[in-house]
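Contents: one structure, followed by commentary.
Each residue takes its place number in the sequence, starting with 1. The basis for the numbers below is simple: all heavy atoms, side chains too, and nothing from hydrogens, waters or symmetry mates.
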Amino acid sequence: MSNLDILSRDFWKDNRRFADLFNTVLYDGKQVILPEKLMEADSNLSGSIQTKKKEDVFVERRADLIRKFAGDSEYAIFLLENQSHIHYGMPLRVMMY
């Protein structure tokens, strides 16, 4: 893991910053996601996938940051994956999470 990844992860661990990012991007700055309602979630998303030949393939995945949000009547999971360089496969990687 590079120093930039570590610094970025430490920066976004602050629930106020994390909530501000998603409120800005998803809700045009309206305070929908409240920092005090964010809970840390396990970033280990490893598991197994069964192939067409019924063989198990084990995949190890670890997301940078995951937060759970429980509002009054909604529940959401937000995932943040830091990138230093453009990687066109990142949308597929995030969908696999």
Would you say [X] and [Y] are hydrophobically clustered, going by side-chain heavy atoms of ILVMFWY under 4.5 Å?
{"X": "Leu7", "Y": "Trp12", "value": "no"}
{"X": "Tyr75", "Y": "Val32", "value": "no"}
{"X": "Leu26", "Y": "Phe69", "value": "yes"}
{"X": "Phe11", "Y": "Ile33", "value": "yes"}
{"X": "Tyr27", "Y": "Phe18", "value": "yes"}

Would you check if the side chain of [X] reaches a backbone N or O of [Y] as a donor-acceptor pair within less than 3.5 Å?
{"X": "Ser8", "Y": "Leu4", "answer": "no"}
{"X": "Glu81", "Y": "Leu79", "answer": "no"}
{"X": "Thr51", "Y": "Glu55", "answer": "yes"}

Exercise. Return the orientation label for the Phe78 and Phe22 ring planes: parallel under 30°, perpendicular over 60°, tilted otherwise.
Key: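 Phe78 vs Phe22 ring planes: tilted.
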
Quiz item: Which is it for Asn23 and Lys30 under the side chain to side chain contact (heavy atoms under 4.5 Å, CB included) test, yes or no, and what are the steps along the way?
Solution: CA-CA 6 Å; Asn23 283 327; Lys30 185 178 174 189; over 6 Å; no

Exercise. Give a yes or no on whether Arg17 atom CZ has more than 12 heavy-atom contacts from other residues, nucleotides or ligands under 6.0 Å away.
Key: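 Yes, enclosed.
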
Practice problem: I would like to know whether Leu38 and Lys68 meet side chain to side chain contact (heavy atoms under 4.5 Å, CB included); could you show each step before the answer? | Solution: CA-CA 6 Å; Leu38 287 172; Lys68 296 184 286 186; over 6 Å; no

Practice problem: Report the C-alpha distance between Arg67 and Ile77 in whole Å, list the side-chain angles of each, state the deciding distance to 0.1 Å, and finish with yes or no for side chain to side chain contact (heavy atoms under 4.5 Å, CB included). | Solution: CA-CA 6 Å; Arg67 294 287 186 267; Ile77 296 174; over 6 Å; no

Exercise. Taking all non-hydrogen atoms of both residues into account, name the closest pair between Gln31 and Asp20 and its distance.
Key: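 Heavy atoms of Gln31 and Asp20 come nearest at OE1-OD1, 4.0 Å.
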
Self-check item: Glu40 CD to Leu65 CG distance, which is reported to the nearest 0.5 Å
Solution: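 These two atoms lie 7.5 Å from each other.
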
Quiz item: Say you draw a straight line from NZ of Lys13 to CG of Asn15; how long is it, rounded to the nearest 0.5 Å?
Solution: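 Taking NZ in Lys13 and CG in Asn15, the distance rounds to 11.0 Å.
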
